[in-house]
Structure formats: structure tokens, C-alpha cells
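The figures here come from the full heavy-atom set of this structure, side chains too, leaving out hydrogens, waters and symmetry mates.
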Amino acid sequence: MMMDSGILESINFYNDAIKYFHNKNIYYFVNLQLQKYKMKRVVVGLSGGVDSSVTAYLLKEQGYEVIGLFMKNWHDDSVTISDECPWLEDSNDAMIVAEKLGIPFQTVDLSEQYKERIVDYMFNEYEKGRTPNPDVLCNREIKFDVFMNIALSLGADYVATGHYCRKAEEIIDGKPVYKLLAGKDTNKDQSYFLCQLSQEQLSKALFPIGELTKPEVREIAKEADLITADKKDSQGLCFIGKVRLPDFLQQKLQPKEGEIIQIPTDFEQYNRTTPQFENKEAELAYFSTQFSYNKEDGKVVGKHQGAHYFTKGQRKGLAVGGTKEPLFVIETDVNTNIIYTGEGKNHQGLYRSVLFVSNEELHWVREDLALQTGETMEVEARIRYRQPLEKATLHKVEKGLYVEFENPQSAIQEGQFVAWYQNEELLGSGVIS
């Protein structure tokens, strides 16, 4: 059912909720309970996918007053790959699910905020030669900020999403502390995408499918006869879909032909002698510094249309042949418009064991566990979604935080997020400097 915001705000749950319960066996029970208790109101971000559909279904089954909102955040379909981001179809599917569940439904247009907070940020980062993660920012800036504020203005007690993660609560020093936990489905754990959430945002968040696996979610959808039960998962940029990244970036970043340089495996910096360090911080600073290349350090093997279109670890799009193993991007220089590459996924130029996060880019989900200067913490960390957690040590220094991995990490990219965990709990994150 379509409802404008004025109608949504005027919903009187005590008078209207009964009509949303179709099971006659619980009709009188619910009617009796509503006389005693005021049920909690939850706004669900209905995306038109199976995960958010089951999220809404489960909450309704648990007795919440559920409202479905579809976020339309992108209008330009010219850069999306055909049939990969059918937002109109998603909106219709979300509406059909809402009608099936008997819950109010509304579409909200957040495209202006999305452009300002996410798209412009992406352009700015790529222009600097950094690689942003729009999905992490989208959750922090859109879903759990702009969208959450709309939900709260509708009298919601919580906002729920179809993320595969969990939330826990513990009273520490007399105050509630909210914990962000990995999802039970290790193949779908999406806690990394929520690594920038605050305690305030977590306090209002619900993740109903976090205890389920993807097959279990689809089975629930089938049993509930939801249209999204067999729908494929969406891919690509948050709310935009799968895009041709150069086409997308060319809206603001113009093509500019440059050279592709191949760096040999015996490059002198790879075999440099490790100096003696005055202290641990000096050692960390040394190993966190990326390799520095010049055109003369390798040979020209091809041309490209803009260094800002490429990122470390990238293999596709180079269009360079004649090597035994594929070439990988090991560094980009947007100032000289040069891409540096190395042959093979084990090329030494891809690897570093230490990264740095400045204080300005440092975020603790668990504020009570934030390190002070000089303190360390043993954690497990990842630098990208779906990467297995790796053992690491956090070192807090005056200007920020070093993350020292037990094993060297491939393609540590400035602009991406590093997130750290202990016992399935995501404690904090930061943008790699």
C-alpha cells in the first residue's frame, strides 16, 4: 500500500494493527495483547531483495509494528550495466512484499544526499589516487544517518536492515554498550560494511537475519510466499548497482592517456637492507611506507586512459599481453599519470605488512576500548570485504594508529577501510592513509 509521510505519521497502531494479522488463530491473542502493551515500531529499509524482505517478515512475526521504506538514491542509469541495477523493478518488488505482509510502504528519494555524501566523495578520492569504499560510507552516511532520521521522525523505535551481522548489548559501568558482531553465516558476514557505525546508530539498529544463513533466509522467503525468494543478490556500488567504473568516473574525471610501466622482480628497493631502528614506532613507520617508483625503474609495456581509473591489485583493464603471468597494478601516480605494474600475484610490490590510520580517520565502534598513545592490542583484521581475518597488532601513537599484520597483505590501498575484531566483535576501523 502506498502512503505519504503525513499518513504514515498519523498511523494509530492500537486501532490499525489488527488488520495486518491474517492468521485467525492469533487474532484474539493479538487483540488482547494490544490492550496491554504498546508494540515497538520498526522502519525497515526494503530494497526489493530477499534479505530485507525476510527482515520485514520476521519482525512482523515477532509482533513489531513494521513500516517499509524504499530508498531511491540514484537516477542516472546511463553508466549501469544493462539489467544489473533495475531500481524500478526493485521498488516494485519491495511494494509487492509490503502488500503481501500488510505493512505500510513508501518510497523516499535521497538522491541529493547520496550525490553529496557518496558520489562526490568517490570522485574526490579517485582523483587523489585513493580507492574509496562507497558501501561503508553509504551505511554510515545514508542508511544509518539520513534514512534513520526519517525513520525516527515517523516515530520509529528502531531501523532494521537485511545485513548479515548481529548486535549485542552489555551494561558496562552502569551504561549500555552496544556490540557489532559478525553474522553467523561466515560466507555472507557483512559486519565490515558497518565498521563506521557509532554507538548511537547501533542503539537504534536491528539486524534480524544475522543469526541465519543465506539458504535459511531463502527458505523462509519461500515458506512466506515472498516474490523475492529466488531473486539474485544485487552487485556493484551501493544503490547504483554494477557499473562500468571508467564510464562512471568519466562524468567528472576526464580520460588522459598515460604509460603503463612494468617493474621487475629484482627492483633494488625490494632487496634493501633493513636499518636499525631507534624504537618500535620508527620501525612501524618504515614498513608502512609504500614503495616509490620512477619511470626509469621499469619498462613501458602499454598505454592507459587515466591513472585515476585504476587501483592497486587490479588485473583487468590493463590490456597488456606478452607476459608469462598476468600483470597487476602495484602503484598508481595520478600526478605523473603513470601506472606501475608487476608480473604475477606474488610480485613483491603488492605486499606490505604495516599500514597507518591517522587520528582524523580513526573510528572506534567500542569507544570504551579505544587505545591511548603507547598502548597496543592483539586483534584480527581485514582490509577488504570477504578477506579472511588476519592476525594483527594495533599500535597507538600520537598521530594515529599502526596496524601491524603477522603476514604481509596484498594490495593495501589508500582510501580503503581496515577493520579490526576480537572474538567475532568488530571493535573499530579506519581509512588507510
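Evaluation of the ring pair (Phe, Tyr, Trp, His ring centres under 6.0 Å) rule for Y293 yields F267, Y340 as partners, not counting sequence neighbours. Taking the ring pair (Phe, Tyr, Trp, His ring centres under 6.0 Å) definition, one finds that F144 meets it with nothing, sequence neighbours left out. Annotation: ring pair (Phe, Tyr, Trp, His ring centres under 6.0 Å) contacts of F417 (sequence neighbours excluded): none. By the side-chain contact (heavy atoms from CB on, under 4.5 Å) test, P264 pairs with D266, sequence neighbours left out. By the side-chain hydrogen bond (donor to acceptor under 3.5 Å, both in side chains) test, H304 is found to be paired with no residue, residues two or more places apart in sequence or in another chain being considered. Residues satisfying the ring pair (Phe, Tyr, Trp, His ring centres under 6.0 Å) test with Y351, not counting sequence neighbours, are none. In this view, D145 and R117 satisfy the salt bridge (Lys or Arg N to Asp or Glu O under 4.0 Å) rule, not counting sequence neighbours. Shown here are the salt bridge (Lys or Arg N to Asp or Glu O under 4.0 Å) partners of K280, two or more places apart in sequence or in another chain: E283, E404. By the salt bridge (Lys or Arg N to Asp or Glu O under 4.0 Å) test, D230 pairs with K222, sequence neighbours left out.
N294 places no side-chain N or O within donor-acceptor distance of the main-chain N or O of D297, the cut-off being under 3.5 Å. When atom types are taken as modelled, the side chain of Q269 and the backbone of S292 share a donor-acceptor pair closer than 3.5 angstrom. Here the side chain of E219 pairs no donor or acceptor atom with the backbone of P215 at under 3.5 angstrom.
Within the 4.5 Å cutoff, no side-chain heavy atoms of E65 are placed close to those of I103. Taking 4.5 Å as the limit, some side-chain heavy atom of Y421 sits within range of a side-chain heavy atom of Y192. Looking only at side-chain heavy atoms (C-beta outward), I118 and I142 come within less than 4.5 Å of each other. In this structure, the side chains of I261 and I339 stay at 4.5 Å or more apart for every pair of heavy atoms. A 4.5 Å side-chain heavy-atom check between V403 and I432 finds every atom pair outside the cut-off. For the pair L226/V50, no side-chain contact is recorded, criterion being any heavy-atom separation below 4.5 Å from C-beta on. Taking 4.5 Å as the limit, some side-chain heavy atom of H347 sits within range of a side-chain heavy atom of Y270. Residues T107 and M71 fail the side-chain proximity criterion, which asks for heavy atoms closer than 4.5 Å.
There is a side-chain donor-acceptor pair under 3.5 Å between Q413 and T311. When only modelled atom types and interatomic distance are considered, T376 and T393 share no side-chain donor-acceptor pair under 3.5 Å. No donor-acceptor contact under 3.5 angstrom links the side chains of D189 and T186, judged on distance only. Donor-acceptor pairing under 3.5 Å is lacking for the side chains of E378 and Q422. A side-chain donor from one of S429 and Q196 sits under 3.5 Å from a side-chain acceptor of the other. A donor-acceptor pair shorter than 3.5 Å cannot be found between the side chains of T323 and E343. Between the side chains of D51 and Y164, a donor-acceptor pair is found at a separation under 3.5 Å.
Salt bridge absent: K295 and D333 never bring a charged side-chain N and a carboxylate O closer than 4.0 Å. A salt bridge does not link K100 to D93: none of the charged side-chain nitrogens sits closer than 4.0 Å to a carboxylate oxygen. Between R382 and E390 there is no salt bridge, since none of the side-chain N atoms of the basic residue sits less than 4.0 Å from a carboxylate O of the acidic one.
The line from CZ of R130 to CE of M122 is 13.5 Å long, rounded to the nearest 0.5 Å. The distance from the OH atom of Y64 to the CE atom of M39 is 8.0 Å, given to the nearest 0.5 Å. Atoms CD1 and OG, from I220 and S53 in turn, are 12.0 Å apart once rounded to the nearest 0.5 Å. Note that NZ of K179 and OG of S191 are 15.0 Å apart. Values are rounded to the nearest 0.5 Å.
Residue V42 comes nearest to L206 through the heavy atom pair CG2-CD1, 4.0 Å, listed as atom of the first residue, atom of the second, then distance.
The local environment of CG in N271 is crowded, with over 12 non-hydrogen atoms from other residues, nucleotides or ligands closer than 6.0 Å. Taking a 6.0 Å sphere around CD of E112, one finds it holds 12 or fewer heavy atoms contributed by other residues, nucleotides or ligands. Around atom NZ of K399, no more than 12 heavy atoms belonging to other residues, nucleotides or ligands sit under 6.0 Å away. Within 6.0 Å of CD in E223 there are more than 12 heavy atoms belonging to other residues, nucleotides or ligands.
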Test side chain to side chain donor-acceptor pair (under 3.5 Å) applied to T131 and Q416, step by step: CA-CA 6 Å; T131 302; Q416 288 278 34; 5.7 Å; no

Kindly indicate, with the supporting measurements, whether the criterion side chain to side chain donor-acceptor pair (under 3.5 Å) is fulfilled by E141 and Q113. CA-CA 9 Å; E141 299 290 333; Q113 296 94 327; over 6 Å; no

Take F356 and H395 through the test ring-ring contact (aromatic ring centres under 6.0 Å, His included) and record every step on the way to the result. CA-CA 10 Å; F356 181 71; H395 301 264; over 10 Å; no

side-chain contact (heavy atoms from CB on, under 4.5 Å) for F277 and L284? Distances and angles first, verdict last. CA-CA 9 Å; F277 302 108; L284 293 167; over 6 Å; no

Take Y126 and Y309 through the ring-ring contact (aromatic ring centres under 6.0 Å, His included) test and state the conclusion after the steps. CA-CA 7 Å; Y126 273 105; Y309 299 149; 8.5 Å; no

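Under the side chain to side chain donor-acceptor pair (under 3.5 Å) criterion, the residue pairs touching residues 357-369 are S358-E360, N359-K396, R366-D368, R366-E425, with sequence neighbours excluded. Sorted by first and then second residue, the salt bridge (charged side-chain N to carboxylate O under 4.0 Å, His left out) pairs with a member in residues 405-424 read R166-E424, K312-E414, R352-E414; sequence neighbours excluded. The list of ring-ring contact (aromatic ring centres under 6.0 Å, His included) pairs with a residue in residues 196-227, not counting sequence neighbours, is empty.
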